[in-house]
Student: 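I'd like to ask you about the structure that follows.
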Amino acid sequence: MRESTPKTVYLKDYQLPEYLIGSAELTFVLDEQDTRVVSRLTMQKNRKSLNGNAPLVLDGERIILESIKLNGQKVTANRYELTPENLILPGAPKVDVFTLEIETRVNPKANTALEGLYLSRDMLCTQCEAEGFRKITYFLDRPDVMTRFTTTLVGDKWSYPVMLSNGNPAAMGDLRKNRHWVKWEDPFPKPCYLFALVAGRLDHIEDTHLTPSGREVKLRIFVERHDLDKCAHAMQSLKHAMRWDEEVYGREYDLDLYMIVAVSHFNMGAMENKGLNVFNTKYVLARPDTATDADYEHIEGVIGHEYFHNWTGNRITCRDWFQLSLKEGLTVFRDQEFGADRSSRAVKRIEDVNVLRTRQFAEDAGPLAHPVRPDSYIEINNFYTMTVYEKGAEVVRMIHTLLGKEGFRRGADLYFDRHDGQAVTCDDFIKAMEDANGADLTQFRRWYSQAGTPELTVISDYDGKSQSLTLTVRQSCPPTPGQPTKEPLHIPLALGLIAPDGSDYPLQLENEAEALGQTTRVLSVTQLEQRFRFVNLPQEPVVSALRGFSAPVRLHQHQSYGELAFLLAHDSDPFNRWDAGHSLAGQIILHLAEQLIAGERPERADRHLVEAYRKALAQSWNDLSYLALLLGLPSEDYVSALMKIVDPDAVHAARQMVMKEIAQMLENELSRLYEANHREESDCFDAEAIGRRRLKNTCLGFLAALDTVATHQLCVRQFRAARNMTDQIAALSCIVNSGSADKGACLDAFYQQWRDEDLVIDKWFAIQATCHLPGALGNVRRLLDHPAFDLKTPNRVRSLIGAFCQSNLVNFHQSDGGGYRFLGDHVIALNAINPQVASRMFGPLTQWRRYDDARQKLMREQLQRIAGTDGISKDVYEVASKSLA
Ligand code: 7MF
Ligand code: ZN
């Protein structure tokens, strides 16, 4: 058990900092196991703070204090106090401005939590967001303390030929004993969470970007030598992102140098440290034969995300961590739009909504539900959530929808102008949007403070006599932890009405003189119940509601299979068109699952789906990625979310049945489409080639469900001939999930081919971890002993343990609880190594209330076991205790 209950931090307790740090001159004498840090801080009392005589309380954890000097005078041990989390000078300094010089030591090699200064292979690197800087030196580790940093790195020339930090290199020189030093200056004051240093034997590629104002920016991507041939795509992505921010937001980069470093040990995706982004190798390295099309897309997205933070996060930062969505929601919205402009807008939107609806909706319906701007936390690292990021992005998107493109840009301009160089709140952002547009977002603000996914019910009533349609729209929001009741939200509801011939009606509300020619309207839903009456509709329309997924809500509409098939065939809104098919397939799978649960033996699925697919396959399409999405069946996650009590076996069996039935009924069409789009090409990455591969591999997935010798051969043929990773991995995945006799040989061949490429070996682990056949857990357990597996490497942990627990529902939930015990064991093991990774791993257990009694009991047992373990971290404690509450 924990010795004491960790303390909760509340938004309502926010107070201005009592001291500020104008500048920090840091010197690091680098060593794997004993790095010395000398920090010279220019400090002052904060005139805005109410408490002028507060003691000086610095944050610091797991560091060894050597000495302190105040204004050059040594502070003796009786004049300061050390706790596990703070260094306290009880008597406030008499003067308003003073210097503090602190010498400390840390051990990067012992730091398996990968927060603060740590070792990734031989490379020293840092991760400071949110509160990692306090593991490097004593400081005011809060985002509203913005400091000008100068960093001098001293190290061995052989071990650390490259030594990087934020800003511009200012000076360097040699020292005795084969050592050298480099001094970096960052002219922009920043919170310490944006500090970074990297040192190691690194190579780099270089390019330049010319900004509209004529600044030539050097772009460098640093990697280990053997990865130099996998950086080109990341560099192109960076250049595209820079151009996009100039064109769409009028924002350009502000230093002469932009550096990205790829490290193989990293807790998350990447980090936007000023001028020195640190990335998980997964989001930098790509070569056609090692990375899939999806990897290429993710790399561009993450490079964009971190680059866009330079304005939304770094130039303007968060006042406190409750405001995290100020930078993250906005930056995710920006990276989503960048992706939409770079490829297919419809496909990007569908992918983003899929993530939101399966992962964020589940979080919002579970014990860890919290508002986009949380009210409290125990461990801030647990609040880098789907809600803060993805729902936060949807909230920004709704503002964009309500104000329009130009209005949103005016608001953004005012926001940048008004708050540049400041640490601000979500409310400051909304205020800028309001002020620039004369808009009133008072009610809209509730999206930031109310948790839970709103339910929106749309009922339509057509009256032939008056040729009008009345829509009744109701909203409600379920209770969430700490929020039993909710106020109505301001929901932008985009919709269209489709005539029987498939064309959109021009929309005219009853109080309007004429239709304005618009076929999609955004209605503002603000009350619990509201009516909208559309007129001039000679025939009964089909309602296409929530076009483009205009609000993060659960939409309830009574639509027949026939209506859904009609929308799938005709909706002019590509998102809704896809969603109609998805929802049709989802309901048909759900119905089958319910029949299976009731002990019936359904013979076949409803014909609407096969017929709708047949129609889609007969059409000609420009955007093949879109067609691939249209044909893809909803995930087991999505179908599970539709059930009151989730039965993972039934969901899996029903989905497999539908998969197989489509393959049987449409085998010729799917085979033809497969052959028509199959090429053995290695390095073609235009949208068309990507679309072809996506469609072809979707067809292959269906055909493989037939599980015949012929389909085995088809997969093995593609696997052997593949010259790009997309085709190779798609084929291997089909093989692993089939009864193919070549399974073992293909897995071995793949391993031997790629044994030196960590990121590809991650795929090898993940593909086995997500195999839906019986026995997967046993295989996963065996793979834990594989020489390439390592609990200290987060990517490996995620590719084996994470993939099994999050993406292999049928095996993770096996009824004897083996999957739960497996996860329990590893959360406990990881807790001692890396609390952040441990705590992010057991999401699936927190959803225990959604399962049957037997599974609930087994899942709860594991949560209790975790919560009761000695030495449990704050991270894991918070998630376990909240999900049991
Ligand atoms: C795209 O947000 C979208 C989200 C924090 C770490 C990166 O830039 C970040 C960092 C976490 C979870 C998701 C993302 C990031 C982090 C992320 C990355 C790319 N400030 Br934790
Ligand atoms: Zn971010």
Side-chain angles (χ1 to χ4, degrees), residues 113-115 125-133 143 166 190-196 234 237-238 241 245 260-263 265-284 294-318 321 323-340 342 348 351-352 355-356 359-360 363 372 374 377 379-394 396-397 794-795 798 802 806 834-841 843 875 879:
L114 313 186
E115 188 188 39
C125 61
T126 55
Q127 171 54 37
C128 295
E129 188 179 4
E131 297 180 336
F133 194 76
N166 317 88
K190 64 173 179 286
C192 64
Y193 82 85
L194 290 171
F195 171 84
S237 301
L238 175 59
D245 216 14
I260 289 175
V261 185
V263 304
H265 293 69
F266 205 65
N267 282 345
M268 51 251 186
M271 181 60 210
E272 69 265 25
N273 317 302
K274 183 82 188 188
L276 179 57
N277 290 182
V278 176
F279 273 61
N280 188 323
T281 44
K282 183 174 161 59
Y283 295 113
V284 175
D295 293 330
Y296 272 73
E297 185 191 317
H298 293 149
I299 288 168
E300 187 177 71
V302 178
I303 295 256
H305 180 93
E306 305 312 331
Y307 176 73
F308 302 142
H309 266 316
N310 192 52
W311 276 96
T312 52
N314 300 3
R315 291 288 288 254
I316 305 179
T317 193
C318 303
W321 292 120
Q323 318 298 327
L324 182 57
S325 200
L326 171 81
K327 74 177 176 83
E328 297 304 347
L330 178 54
T331 304
V332 171
F333 171 71
R334 278 151 53 72
D335 82 51
Q336 288 177 346
E337 285 297 293
F338 169 56
R342 291 278 307 146
K348 180 69 175 130
E351 289 170 345
D352 293 338
V355 171
L356 182 86
R359 314 236 341 247
Q360 195 280 325
E363 180 172 276
V372 167
Y377 59 77
E379 169 55 63
I380 185 56
N381 285 326
N382 285 329
F383 283 79
Y384 286 69
T385 59
M386 282 285 145
T387 298
V388 167
Y389 278 72
E390 307 299 323
K391 187 177 182 179
E394 293 300 317
V396 174
R397 182 176 296 280
N795 285 357
R798 285 185 284 257
Q806 272 165 35
N834 187 327
Q836 277 184 53
V837 170
S839 136
R840 284 176 168 271
M841 202 53 77
D875 311 56
V879 179

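Just follow the structure's listing: the first ligand is 1, and inside any ligand the first atom is 1.
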Student: Using the Zn ion (ligand 2) as the vertex, how large is the angle between OE1 of Glu328 and NE2 of His305, rounded to 10 degrees?
Tutor: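 An angle of 110° at the metal.
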
Student: Give the C-alpha distance, both sets of side-chain angles, the deciding distance and a yes or no for salt bridge (Lys or Arg N to Asp or Glu O under 4.0 Å) between Arg397 and Glu337.
Tutor: CA-CA 10 Å; Arg397 182 176 296 280; Glu337 285 297 293; 3.0 Å; yes

Student: Which residues satisfy the side chain to side chain donor-acceptor pair (under 3.5 Å) test with Asn382, sequence neighbours excluded?
Tutor: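 With sequence neighbours excluded, Asn382 shows a side chain to side chain donor-acceptor pair (under 3.5 Å) to Ser839, Glu878, given in chain and number order.
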
Student: Quick one: report the N, O or S atom of His309 that is nearest to the Zn ion (ligand 2).
Tutor: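 The His309 atom nearest to the Zn ion (ligand 2), restricting to N, O or S, is NE2.
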
Student: Verify the distance test for Glu306 against the Zn ion (ligand 2): any N/O/S atom under 2.8 Å, yes or no.
Tutor: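 It does not: Glu306 brings no N, O or S atom closer than 2.8 Å to the Zn ion (ligand 2).
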
Student: Can you measure from CE (Met268) to NZ (Lys282) and round to the nearest 0.5 angstrom?
Tutor: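 It is 15.0 Å, given to the nearest 0.5 Å.
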
Student: Phe279: which residues meet the ring-ring contact (aromatic ring centres under 6.0 Å, His included) condition with it, sequence neighbours left out?
Tutor: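 In terms of ring-ring contact (aromatic ring centres under 6.0 Å, His included), with neighbours along the sequence ignored, Phe279 is linked to no residue.
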
Student: Taking all non-hydrogen atoms of both residues, which atom of Ala393 and which atom of Phe333 are closest, and how far apart?
Tutor: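 Between these two residues, the closest heavy atoms are CB-N, 3.7 Å.
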
Student: If you look at each N/O of ligand 1, which protein N/O atoms lie under 3.5 Å away, and at what distance?
Tutor:
unit_1   : atom_1 : unit_2 : atom_2 : d
ligand 1 : 2 (O)  : His305 : NE2    : 3.3
ligand 1 : 2 (O)  : Glu328 : OE1    : 2.8
ligand 1 : 2 (O)  : Glu328 : OE2    : 3.0
ligand 1 : 2 (O)  : Tyr389 : OH     : 2.7
ligand 1 : 8 (O)  : Glu272 : OE1    : 3.0
ligand 1 : 8 (O)  : His305 : NE2    : 3.3
ligand 1 : 8 (O)  : Glu306 : OE1    : 2.8
ligand 1 : 8 (O)  : Glu306 : OE2    : 2.9
ligand 1 : 8 (O)  : His309 : NE2    : 3.2
ligand 1 : 20 (N) : Glu129 : OE1    : 2.6
ligand 1 : 20 (N) : Glu272 : OE1    : 2.6
ligand 1 : 20 (N) : Glu272 : OE2    : 3.3
ligand 1 : 20 (N) : Lys327 : NZ     : 3.4
ligand 1 : 20 (N) : Glu328 : OE2    : 3.0

Student: In chain order, what residues pass the side chain to side chain donor-acceptor pair (under 3.5 Å) check against Asp875, with sequence neighbours excluded?
Tutor: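 Listed in chain order: nothing, the list is empty.
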
Student: Please evaluate residues Glu272 and Lys327 with respect to the criterion salt bridge (Lys or Arg N to Asp or Glu O under 4.0 Å), reporting the C-alpha separation (whole Å), side-chain torsions for both, the decisive distance (0.1 Å), and the verdict.
Tutor: CA-CA 11 Å; Glu272 69 265 25; Lys327 74 177 176 83; 2.8 Å; yes

